[in-house]
Engineer: 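One structure, as structure tokens, below. Some questions next.
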Amino acid sequence: MRESVFLVTKMDCPTEERLIRNRLQPIKGIDNLKFNLMGRELTVIHTLDDDREILTALESLSLGAPRKSA
């Protein structure tokens, strides 16, 4: 299980949370999504080999979501 954290700069309410959930939940290998709306952070718990599919899905929403540095 891996944990990837993204800074979603344009996420600040449940509307964006719902958009992200609807886009990411169908992806095979994503097990859980954790949202911190105040901190604009999204944590994705997954078994994917890398973050490319997640990043592509987030970019398609135009919410600004670079991977957060460790």
Side-chain angles (χ1 to χ4, degrees):
M1 217 43 92
R2 293 183 55 201
E3 197 172 280
S4 299
V5 181
F6 301 89
L7 180 61
V8 186
T9 57
K10 296 179 183 175
M11 176 182 72
D12 59 6
C13 72
T15 300
E16 288 91 9
E17 178 181 339
R18 186 171 44 256
L19 286 172
I20 293 167
R21 279 190 191 282
N22 289 342
R23 183 66 182 89
L24 294 182
Q25 283 181 326
I27 296 174
K28 191 173 187 84
I30 292 182
D31 296 311
N32 196 12
L33 303 171
K34 297 179 185 177
F35 291 86
N36 174 348
L37 294 178
M38 296 298 288
R40 296 186 171 156
E41 288 183 2
L42 166 65
T43 302
V44 181
I45 312 300
H46 62 92
T47 57
L48 302 171
D49 291 333
D50 57 44
D51 296 335
R52 271 182 274 168
E53 190 170 2
I54 299 167
L55 284 167
T56 300
L58 291 172
E59 287 171 3
S60 75
L61 296 172
S62 300
L63 295 175
R67 192 170 197 310
K68 188 173 179 183
S69 299

Engineer: Considering residues at least two apart in sequence or located in another chain, which fulfil the salt bridge (charged side-chain N to carboxylate O under 4.0 Å, His left out) criterion with Glu53?
Structural biologist: none
Engineer: Can you check side-chain contact (heavy atoms from CB on, under 4.5 Å) on Asp51 and His46, steps first, answer last?
Structural biologist: CA-CA 9 Å; Asp51 296 335; His46 62 92; 3.5 Å; yes
Engineer: Mind checking side chain to side chain contact (heavy atoms under 4.5 Å, CB included) for Arg18 and listing every partner two or more places apart, or none if nothing turns up?
Structural biologist: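 Counting only residues at least two positions away or on another chain, Arg18 forms a side chain to side chain contact (heavy atoms under 4.5 Å, CB included) with Thr15, Asn22.
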Engineer: Name all pairs fulfilling the salt bridge (charged side-chain N to carboxylate O under 4.0 Å, His left out) condition that reach into residues 19-35, sequence neighbours left out, sorted by first residue then second.
Structural biologist: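 Every salt bridge (charged side-chain N to carboxylate O under 4.0 Å, His left out) pair that includes a residue of residues 19-35, provided the two are not neighbours, is Glu17-Arg21.
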Engineer: Return the set of residues passing side-chain hydrogen bond (donor to acceptor under 3.5 Å, both in side chains) with Gln25 (not counting sequence neighbours), or none when no residue passes.
Structural biologist: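 Result, side-chain hydrogen bond (donor to acceptor under 3.5 Å, both in side chains) vs Gln25: none returned.
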Engineer: Please give me the minimum heavy-atom distance between Asp49 and Arg2, naming the atom from each residue.
Structural biologist: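 The answer is O-NH1, 2.9 Å.
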Engineer: Listing request: all salt bridge (charged side-chain N to carboxylate O under 4.0 Å, His left out) pairs with a residue in residues 54-66, at least two apart in sequence or in separate chains.
Structural biologist: none
Engineer: How long is the span from the CG atom in Asp12 to the CE atom in Met38, to the nearest 0.5 Å?
Structural biologist: 9.5 Å
Engineer: Which pair of non-hydrogen atoms, one from Ser60 and one from Ala57, has the smallest distance, and what is that distance?
Structural biologist: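 That would be OG-O, 2.6 Å.
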Engineer: Other than Leu37, which residues form its hydrophobic cluster under the rule that side-chain heavy atoms must be closer than 4.5 Å?
Structural biologist: Phe6, Val8, Met11, Ile20, Leu24, Ile27, Ile30, Leu33, Phe35, Leu42, Val44, Leu48, Ile54, Leu55, Leu58, Leu61, Leu63
Engineer: Can you list, by chain and residue number, the hydrophobic cluster partners of Met1 when the side-chain cut-off is 4.5 Å?
Structural biologist: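 Via sub-4.5 Å side-chain contacts, Met1 links to Ile45.
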Engineer: Can you list the residues that meet the side-chain hydrogen bond (donor to acceptor under 3.5 Å, both in side chains) rule with Asp50, with sequence neighbours excluded?
Structural biologist: Arg52
Engineer: Quick one: side chain to side chain contact (heavy atoms under 4.5 Å, CB included) partners of Thr9, sequence neighbours excluded?
Structural biologist: Leu7
